[in-house]
Amino acid sequence: MDEKERKQAIYPLSTESLQQNGKTVYYIRSVTSTIFGVSAGILGLESYYGFLFYFGGTAFVSLLMFLLLARGQPTEYFTSAKDIWAGNTLTGLSSFVLTWTLFYGLVDA
Amino acid sequence: MSFVSTTVTVLSLVLLFHAGYSAYEFSHYLKHLTVNSDATLPVDIIAETIVATALFAFGQVLGAKQLEPVSFAKWAKGLEREGKSPFAFLERRPGYMNVTKLREEYASTTK
């Protein structure tokens, strides 16, 4: 047994908690991605600035989740700290682009 | 979703709608009522949009379900406090019943 399996056997993880936390994070990310798209459309952002806005906004949401949800201890609630910073960031990209294009067209009279 | 988080989310959506409509009006005026069209979106609309998005993210994170501890020990501890331990079936096993002890307990309660 290697190091990781040994640790897993001595201190098991609860899969139900992992799934619930994953669902919470996924929901927050997808909902905020759509709103980021709305803002990008309203602000009239184009090409690179728009995607920059998306990644900046996602980083902001990661920071908020780290401070408020995980209370500064991400390993307590996720398998690794990477999950709360970089997990599920690209899944919201399509919702972002959808609302971005929609609202860009709407606001541009 | 708590009261605070719902209020913040609704407020942010109202602000966002207001900013969007203002941006639409601005663009409309720019195109149809002015001659030089190199003006950019006014600063207050930009600020309103950014504040609205930040507030929305804040409201969503506030209203999110509490994260559950991932280590099995802590998760099971939380459950046991409520009485729903995942190993509750081990507390009562018919094959390990001590009948004489149970009889004595019953006798002590009745007499």
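Chain identifiers are assigned alphabetically (A, B, ...) following the order of the sequence lines, protein sequences preceding nucleic acid strands; residue numbering begins at 1 within each chain. In this text the structure is predicted, and so the values were computed from the model without any measurement.
- Proximity to chain A (any heavy atom under 4.5 Å) is restricted, for Leu13(B), to the side chain, taken from C-beta onward.
- Taking 4.5 Å as the limit, every side-chain heavy atom of Ile42(A) sits out of range of all side-chain heavy atoms of Tyr24(B).
- Contact of Gln20(A) with chain B is made through the side chain alone, with heavy-atom distances under 4.5 Å.
- For Tyr21(B), no part lies under 4.5 angstrom from a heavy atom of chain A.
- Contact annotation for Val38(A): only side-chain heavy atoms (C-beta onward) come within less than 4.5 Å of a heavy atom of chain B.
- Comparing Ala19(B), Ala76(B), Ser71(B), Pro69(B) by heavy-atom pairs within less than 4.5 Å of chain A, the highest count is held by Pro69(B).
- Looking at Thr24(A), only its side chain comes within 4.5 Å of chain B, counting heavy atoms on both sides.
- At a threshold of 4.5 Å between non-hydrogen side-chain atoms, the residues Lys65(B) and Tyr27(A) do not count as touching.
- Contacts between Ala54(B) and chain A at a heavy-atom distance below 4.5 Å involve backbone atoms as well as side-chain atoms.
- When all heavy atoms of Leu43(A) and Ile50(B) are compared, the closest pair comes out as CD1-CG1, 4.5 Å.
- Only the side chain of Ile28(A) comes within contact range of chain B, with at least one heavy atom under 4.5 Å from a heavy atom of that chain.
- Looking at Leu41(B), only its side chain comes within 4.5 Å of chain A, counting heavy atoms on both sides.
- Interface residue Phe78(A): backbone and side-chain heavy atoms are both found under 4.5 Å from chain B.
- The shortest non-hydrogen separation linking Ser17(A) to Trp75(B) is OG-CD1, 3.2 Å.
- Closest approach of Tyr77(A) and Glu68(B) over heavy atoms only: CD2-O, 3.4 Å.
- Of all heavy-atom pairs between Ala23(B) and Val107(A), the closest is CB-CG1, 3.6 Å.
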